[in-house]
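Predicted, not measured: the structure shown is a model, and the values here were computed from it. By convention in this document, chain letters (A, B, ...) are assigned in the order of the sequence lines, proteins followed by strands, and residues within each chain are numbered from 1.
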Protein chains: 2
Amino acid sequence: MTKLDCRTRLLEVGTQLFAERGLYGVSIRELSQAAGVSISMVSYYFGGKEALYAAVLQEQFSCFDQIDNLRKPGSEPLSVLEAYLRWTLQRHRNNPHLLRFYTSELTNPTCFFASIVSPAISKIIRVLTEVIEEGIRQGLFREEIHAVNASLALAGMVNYFFISLLATENLISHSPEQDELLVQQYLLIFTHGIIKQSQ
Amino acid sequence: MTKLDCRTRLLEVGTQLFAERGLYGVSIRELSQAAGVSISMVSYYFGGKEALYAAVLQEQFSCFDQIDNLRKPGSEPLSVLEAYLRWTLQRHRNNPHLLRFYTSELTNPTCFFASIVSPAISKIIRVLTEVIEEGIRQGLFREEIHAVNASLALAGMVNYFFISLLATENLISHSPEQDELLVQQYLLIFTHGIIKQSQ
DNA sequence: GTCTATATTGCGATAGAC
DNA sequence: GTCTATCGCAATATAGAC
């Protein structure tokens, strides 16, 4: 087994197990056993269990940098919001473990929350807020809307679909084939509401 | 220290610490020390750490039974949804730890998820879904709306406000004084959307 | 009913062989 | 670079004194 394999296998298995049970729910014994390598490899490559967890977390949240791609100069607020929904669904599909870390860190933060997780999340909300403020300024969106509230509402709708998965998989299909329908539903609710317009 | 005090103190401290760090993030040593009782009291009163956790969880989720009070016979769908929002905010205010368990169990489920947490959550979603379906039947809500999607969206909006708290407390006030404003904002977004109606 | 003391297990980390 | 063996410690649980 080459150096790269060993390190990579630990990262992969660490991602899987930490996502399922959190930093304190997994021992490095179990971890190294699942990876098929010696227990000492965790210290050798990462410097300990917490450091391996930090490496996993860092990798998981690296995709959040892409948020800046959503806001191309001159793009309409509404299409940026739609792009955010599609990008978020895709993010969770590409990486089924991401939301576990995201939510686990928000709920039971480790010492890496402040440096890795919090900046990523608050950046997303800040970008969404700016987009919605721009929409209000352009007269597209209601003035009564508080932009931060609306951003949290939009992020909440789409993320909660995945957060609640374990308790709702008997109520609704979570298959990726439904994703385009989901985007349309959330966009419809968020922009027009559920009330039928009688004009 | 009487029997009641000792048991109660362990429950209180357990609620606090398990909420902050999860089942595996807390030891019974630390727990009993924080409660000011002997370490053996955990086994004596509850039968072990996991059993104490289960007792805490059971107590936390008992308030979910009140969901049935929201749906009085003949009440309008829209006012039930408003009552749900208000009730949910109040639930989180009355018990700042509830959402920690809620989210922690959804993300890193323990062996008690299936018996205590999942039924509570899926019942809420089921009730909301029925209310929205009734609204569609009455012609109040759009036919294009998928009732389960909309229920998850509404629950997601209001719960995510608290879930994301640690990453967003510098972006928005989380003071209880804002709660009535929040109810109005979420209701406005959910029922009418953010787009300005030009009729 | 509550304590101290202890048995036992499993943890994270590392020394040293290969 | 990877392993085995082991150290030292903290975990849960419990026996037995009061």
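Among the protein residues, B:Ser27 comes within range of the sugar-phosphate backbone only, with heavy atoms under 4.0 Å from sugar or phosphate atoms but none that close to a base.
Between A:Ser38 and A:Glu30, it is A:Glu30 whose nearest contact on DNA chain C lies nearer the 5' terminus. Taking the nucleotide of DNA chain C with the nearest heavy atom to each of A:Met41 and A:Arg29, the more 5' of the two is matched to A:Arg29.
Taking every side-chain heavy atom of A:Ser40 into account, D:dT4 is the closest of C:dA13, C:dC3, D:dT4. Between C:dT2, D:dT2, D:dC3, one nucleotide has an atom nearer to the side chain of A:Val37 than all others, and that is D:dC3. The nucleotide whose nearest atom lies closest to any side-chain atom of B:Tyr44 is, among C:dT4, C:dT2, D:dA13, C:dT2. Relative to the side chain of B:Ile39, the nucleotides C:dA5, C:dA13, C:dC3 differ in distance, and C:dA5 lies closest.
Electrostatic pairing of A:Arg126 and A:Glu130 does not count as a salt bridge here, judged by no charged N lying under 4.0 Å from a carboxylate O. Using a cut-off of 4.0 Å between Lys/Arg side-chain N and Asp/Glu carboxylate O, A:Glu12 and A:Arg9 are scored as not salt-bridged.
Rounded to an integer number of Å, the gap from CD of B:Gln33 to P of C:dC3 is 12 Å. Note: CG (B:Leu31) to C1' (D:dA13) measures 15 Å, nearest angstrom. As a whole-Å value, the separation of A:Arg7 CZ from D:dT2 P is 12 Å. Protein atom CZ of A:Phe46 is 18 Å distant from nucleotide atom C1' of C:dT14, rounded to whole Å. Between the CD1 atom of A:Ile28 and the C1' atom of D:dA11 there is a distance of 15 Å, given to the nearest Å. Between the OH atom of A:Tyr24 and the P atom of D:dA10 there is a distance of 15 Å, given to the nearest Å. Regarding A:Tyr53, its OH atom lies at a distance of 18 Å from the C1' atom of C:dG12, rounded to whole Å. Separating the CG atom of B:Leu10 from the P atom of C:dG1 is a distance of 14 Å, rounded to the nearest angstrom.
A:Ser38 approaches A:Ser32 most closely through the heavy-atom pair O-CB, 3.7 Å.
No hydrogens or angles considered: a donor-acceptor pair under 3.5 Å links the side chains of A:Gln60 and A:Asn95.
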Test side chain to side chain donor-acceptor pair (under 3.5 Å) applied to B:Ser151 and B:Thr129, step by step: CA-CA 6 Å; B:Ser151 301; B:Thr129 300; 3.0 Å; yes
